[in-house]
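Here the structure comes first, spelled out in structure tokens, and everything after it is commentary.
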Amino acid sequence: MLAAKVVIDEGVHVEGLNFFTGFCVEGHTHAIRSSDAHKPKRNNALWVAEQLGIKLHIVDISDEYKDIVLNPKHGYGAHLNPCLDCKIFMVNRALAWGFMRDNGFDFIITGEVVGQRPKSQRKDTMPLIARESGADDRLLRPLTALNLPPSLPEREGWVNREHLYGFHGRNRKPQIELAHRFGFTEYSQPAGGCCFLTDEKYSAKLADLWHARGERDYSLDDIMLLKVGRHLRPEKHFKLIVGRDDGENNFLEGYRKRFVHLRTVSHEGPLTLIDGTPNANDLDLAARLAARYSQGRDADAVVVTAHHPNGVVEQFAVAPFPAHRIPAAWHV
Ligand code: SF4
């Protein structure tokens, strides 16, 4: 928002590019979880474009992006976040996208700041992103430009270098001050993270999925479901996804026909999906676990129905699994 505004104020025509990777946080979990009900349910990129009065292009890169997540040339950050490869890919995608060439765009702007992120936003990795993406000096970072050699737009006088900034480090105070100077009273909170791949628990669930399936691969549905519910894996060949609130239960309803799913009948309870190939004993255990997360957790027996994708419905009366006996290792 700030980087775009700085360049717009130089009289440059700016349009926004928002890449959908499938791992985005905002506009997904905030819309699903009841606990996030107070957070705005919006696409923040679209909202920013509206605030700035610029056109936004939303590009679905979820298919091509898989290769970046599975095989990052520069490795991962603290979790399964391939930030350096991700940035190179996105800048390259902006370049390679015929739109830039066909519509006469001359350069690319990002909001990166030297030292803001330990891996992808260092003084030595910033030139690497410019080089490996192919953008070279057509990549301008207006917020930190004074820490970097002059880019083409600065040298050509398309933007005045003296109007750019030299922000560095993790401190966001200068950005917040600049936002206030521009009159922005509302902006997304950068500290919250915008991408699930930087989240320790999410990355553990993704790694568990790869381990259980014996291959490093995923579908869009897989990575959506990792954002939702309590995930319990009693055995390598199956796991439970248990809704944690009404919002999550509603979301999981959309997937119920593709999975064996459990409902507690005698007591109110969550919707539980079973991912994998459970046998009869596994179903019994799964029903007991589903009962544990229902209102009948202290009852002697809870009636649970198991619905198979072929339409078969089984019914069990089970003793809820005692909470203290659920091994920590089952919690993915
Ligand atoms: S946080 Fe996610 S979207 Fe952002 S650079 Fe890293 S991998 Fe890419």
Side-chain angles (χ1 to χ4, degrees), residues 1-4 16-30 42-49 56-97 108-135 139-141 143-144 167-170 172 175 187-207 209-210 216-218 220 222-224 226-227:
M1 192 178 197
L2 293 175
L17 257 180
N18 176 229
F19 292 113
F20 173 75
T21 64
F23 294 100
C24 314
V25 176
E26 290 159 339
H28 285 248
T29 49
H30 295 176
R42 66 186 182 202
N43 177 321
N44 264 325
L46 201 51
W47 177 80
V48 166
L56 180 75
H57 306 265
I58 300 177
V59 187
D60 183 344
I61 53 167
S62 53
D63 260 356
E64 311 157 68
Y65 191 70
K66 221 187 208 189
D67 190 44
I68 303 298
V69 177
L70 298 175
N71 308 302
K73 181 176 152 197
H74 296 285
Y76 296 107
H79 304 295
L80 286 177
N81 49 310
C83 290
L84 201 42
D85 291 81
C86 174
K87 282 170 189 283
I88 293 167
F89 175 78
M90 288 186 184
V91 173
N92 174 268
R93 193 66 172 68
L95 260 185
W97 196 36
I108 297 168
I109 310 159
T110 70
E112 293 163 290
V113 165
V114 167
Q116 194 164 268
R117 296 275 185 223
K119 191 167 173 83
S120 59
Q121 296 189 46
R122 296 196 316 252
K123 201 155 186 168
D124 57 325
T125 54
M126 290 241 193
L128 191 135
I129 295 169
R131 200 172 55 244
E132 291 201 8
S133 66
L139 179 56
L140 171 65
R141 286 90 163 205
L143 303 183
T144 203
F167 299 162
H168 58 88
R170 299 177 73 89
R172 304 297 172 102
Q175 283 95 319
Y187 37 83
S188 57
Q189 291 301 322
C194 65
C195 167
F196 266 111
L197 292 170
T198 59
D199 182 276
E200 184 180 2
K201 287 185 181 156
Y202 186 91
S203 293
K205 283 190 265 191
L206 184 56
L209 186 104
W210 291 341
R216 283 162 51 88
D217 198 5
Y218 63 79
L220 190 56
D222 287 332
I223 59 175
M224 288 293 159
L226 294 181
K227 298 176 183 180

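The first residue in the sequence is number 1, and the count goes up from there. Indexing begins at 1, ligand by ligand and atom by atom, following the structure's order.
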**Asked** Any side-chain heavy-atom pair from Asn43 and Phe20 closer than 4.5 angstrom?
**Response** no
**Asked** Do Met90 and Ile61 have side-chain heavy atoms sitting under 4.5 Å apart?
**Response** yes
**Message:** Is there a side-chain contact between Leu197 and Thr21 in this structure, where contact means two heavy atoms from C-beta onward sitting under 4.5 Å apart?
**Reply:** no
**Request:** Name the option, out of Phe19, Phe89, Tyr65, that contains the heavy atom nearest to atom 7 (S) of ligand 1.
**Result:** Tyr65
**Request:** Could you tell me whether Asp124 and Arg122 have a side-chain N and a carboxylate O separated by less than 4.0 Å?
**Result:** yes
**Message:** Ring of Phe196, cation from Lys227 - is the NZ or CZ under 6.0 Å from the centre and inside 45° of the axis?
**Reply:** no
**Request:** For atom 6 (Fe) of ligand 1, check which protein N, O or S atoms are under 2.8 Å away and list them.
**Result:** Cys83 SG
**Request:** Kindly assign one of parallel, tilted or perpendicular to the pair Trp210 and Tyr218, based on the angle between their ring planes and the thresholds 30° and 60°.
**Result:** parallel
